[in-house]
Amino acid sequence: KNEGTQQRATNQLCTLYYTMSSLQAAVAATNRMEISSSTTATMAKVLCCMCGVLIEPNAANTCSTCLASRSDITRGISTEATLHQCRGCGRWHKDAGKWVACELESRELMGICLEQVSGLKASKTSGQKIRLVDAGWIWTEPHSMRLKVRLTVQREVELGTILQQSFTVNFTVRNQQCLECQAEFRQGTWKSLVQVRQRVSHKRTFLYLEQLILKHGAHRGCLSIETFKDGMDFYFPDKGKAARFVCFLESVVPIKMKTSKKLISTDIKSNIANFKYTNFAEICPLCKDDLLYLPAKLARNLGNIARLVLVKNISNVIHLIDPQTGQTASMTSEVFWREPIRPIVTAARSRMTRYIVLGKEAVFLRKNVSKRAPNRKQRSRLARLTVAREEDLGTNDAQYEEQSHVGYLMKSGDVCVGYDLKDTTLSAEDAETVRTQGGFPDVIVIRKLYGGAANLDGEMDESAIAAAASKQAKNRIWRLQRLDVRMAEEEASGNAKKQVKLAEQQNLDEEDFMREVEADKDMRLNMNLYKAKDTALQTDTDENMANDEEDEDDQQIKLEELLDSLALDAPPDAPNKETAGYAEEGMVMSSMYEEGDRAAKDGIGYVSREDVRNVREKDVAVVVKETKKDLTD
């Protein structure tokens, strides 16, 4: 019993001892906290070594204002840099031989400028990190070959003190040719050649192909373009760009391709060979407005269309139309090259006859007689025309009445061109047999003539027609852009008489192509037509307003189809005259934006011309953040 009592007393004493120890530890901690807080509250302050203001002690014993006034956080950052721009293509050099096309005041050009500024990235030795806060453009003279950028950076100079400072970086623009432009001035630098040929006597197809190339920009990356009598050659610096151009040709014209390559050099040890590739593209010999006599089997396969058809237009497929019923059909390039067809009458100027329209009678093809009569918009495009040859007027009273697919465009007094099958001998025997038996119409009207083309005398000789065509081209209200091509040596080395003949033929082909453009609205959708003189535009507008309200001609060129901004005095395929001055000095500026608009679009600051005088090269650093640290930690 005494032993149990002694054990309980011992346990009570141990519990009391541990309780007293915990209370003493809590009291000691409370005393330390009170001492620390009182020490902090009564911490002694020191005077700034420069201005004498009471501040908390720091490593420099300087207030933040004095520290900012004597500190230059831009030390080590370059304020002068050099940019390289290609004068030929206007692209900017980025790095490692890369050239980037970007406009002035753009975000892309700002990125290139910032990469040229040394000191913005933290160095491995100092370890100090600079934070770029803002970057903006400063206006410079367009021809000064200078760019200015306003940068704002932040840096921590002392423990908890961050300074901010703005300064200006000047960039000098130097001219340097890129690799592609260098290749243009060296002989034999091309790697791939695309030869485009068409075995016809005119070049209207290539004039149309030229407009397609300009509209889609398919000639970009081409070193040079050479023209021949029956085609054009396109030189490219590598195989990939040539393959892209071939894909474009396959999408716009029916072609047949042949590819070959020639070994230039080889390295046996490293197994590297240098080849030159040649791609031969032959365009089908059919052209717009050619007259065809299809085989019976092919006509059945094309929707049972009539065998006598016209080529309506040429794209990646051949579009055909029956001139008497207006039925259309399409023939793929594979079908054509499987059994090539030659036209019985080609769309040459010598094969066309000028006619005067004496009358017109609409033809209605109504399959359901219970329907109400069609209105003006629902009328059929077929019409029965009464025409007479222009040369027969005043000589005889020969007239022809034929049904035409372009009859809705005509009215009395209009001049049109067509094929005279009555007095024409066809080359194909089966077609000639049908013609002699009266199976063909006497006249097939092709198109209507507009403007000055209708006033030309059809009995003039070729030189007079070429001169009149050149004069008429200047009086049109629209213009076409041309590619910058050079004539082949064998074509340019002829005598003076041959050169004059080639120039006359070229003028005739261009005039025929212009007439096709004027009479085909669908054809103009794939081209860019530009406005000419304002006086001519106003005259044409007044003439259009004076036309009869019942005129159904929807193929004539209208003002809303024409584009602006074509430098008529500039060489073919030249840049706009608004940017010509910048291109001469190596500076490319987009004519789509005014001063500062491009920077505002990308969300970049811009200092205008009026505010440039108020901008200093370097501002005084200011304190943007100061964090108080506990010195007892």
Side-chain angles (χ1 to χ4, degrees), residues 288-294 296 299-300 302-313 319-330 343-345 347 351-369 371 373-390 392-393 397-424 426 431-450 454 516 519-522 550-556:
K288 179 180 171 60
D289 295 333
D290 282 351
L291 187 62
L292 306 179
Y293 189 68
L294 302 177
R300 288 193 301 268
L302 296 178
N304 201 20
I305 194 173
R307 299 181 64 182
L308 185 66
V309 293
L310 279 174
V311 179
K312 185 179 180 182
N313 53 55
H319 300 276
L320 307 175
I321 186 171
D322 185 356
Q324 292 186 306
T325 63
Q327 182 183 355
T328 59
S330 299
I344 57 175
V345 180
R351 304 298 298 271
M352 297 182 183
T353 306
R354 294 166 62 95
Y355 292 92
I356 303 295
V357 179
L358 303 179
K360 179 180 73 170
E361 180 182 356
V363 177
F364 299 100
L365 299 178
R366 298 178 59 188
K367 298 181 180 180
N368 190 353
V369 295
K371 290 185 178 180
N375 55 23
R376 190 171 69 89
K377 293 183 178 180
Q378 296 173 343
R379 291 177 185 172
S380 173
R381 295 194 170 194
L382 294 177
R384 182 170 294 277
L385 299 177
T386 302
V387 298
R389 285 189 295 190
E390 189 179 42
D392 291 343
L393 294 180
D397 297 332
Q399 298 181 5
Y400 305 94
E401 291 187 5
E402 294 295 343
Q403 194 167 294
S404 175
H405 67 292
V406 293
Y408 74 105
L409 299 174
M410 308 295 178
K411 60 180 182 294
S412 299
D414 286 344
V415 181
C416 59
V417 292
Y419 298 132
D420 186 4
L421 300 184
K422 184 177 180 180
D423 300 331
T424 301
L426 304 179
E432 177 63 19
T433 302
V434 177
R435 188 193 68 85
T436 54
Q437 296 176 357
F440 289 168
D442 295 336
V443 176
I444 294 180
V445 179
I446 302 174
R447 77 175 80 96
K448 175 184 175 180
L449 297 182
Y450 294 89
E516 290 181 359
D520 194 343
K521 184 178 180 180
D522 296 336
E550 294 296 329
D551 187 8
E552 302 176 10
D553 191 351
D554 60 348
Q555 301 295 322
Q556 193 170 4

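Not counting sequence neighbours, the partners of Asp289 by the salt bridge (charged side-chain N to carboxylate O under 4.0 Å, His left out) test are Arg447. Taking the side-chain contact (heavy atoms from CB on, under 4.5 Å) definition, one finds that Ser330 meets it with Val317, His319, sequence neighbours left out. Scored by the ring-ring contact (aromatic ring centres under 6.0 Å, His included) test, Tyr419 finds no partners at all (sequence neighbours excluded). Every residue was checked against the salt bridge (charged side-chain N to carboxylate O under 4.0 Å, His left out) condition with Lys312, not counting sequence neighbours, and none meets it. With sequence neighbours left out, Asp322 forms a side chain to side chain donor-acceptor pair (under 3.5 Å) with Thr325. Listed by chain and number, the residues in a side-chain contact (heavy atoms from CB on, under 4.5 Å) with Glu401 are Arg384, Thr386 (sequence neighbours excluded). Applying the salt bridge (charged side-chain N to carboxylate O under 4.0 Å, His left out) rule to Glu361 yields no partners; only residues at least two apart in sequence or on another chain are considered. Shown here are the side chain to side chain donor-acceptor pair (under 3.5 Å) partners of Glu516, two or more places apart in sequence or in another chain: Arg204. Residues meeting the ring-ring contact (aromatic ring centres under 6.0 Å, His included) test with Phe440, sequence neighbours left out: Tyr293. Every residue two or more places apart in sequence or in another chain that forms a salt bridge (charged side-chain N to carboxylate O under 4.0 Å, His left out) with Asp414 is listed here: Lys411, Lys448. Legend: residues meeting side-chain contact (heavy atoms from CB on, under 4.5 Å) with Arg300, ordered by chain and number and at least two apart, are Ala296, Lys297, Asn304. Judged as a side-chain contact (heavy atoms from CB on, under 4.5 Å), and not counting sequence neighbours, Asp397 has no contacts.
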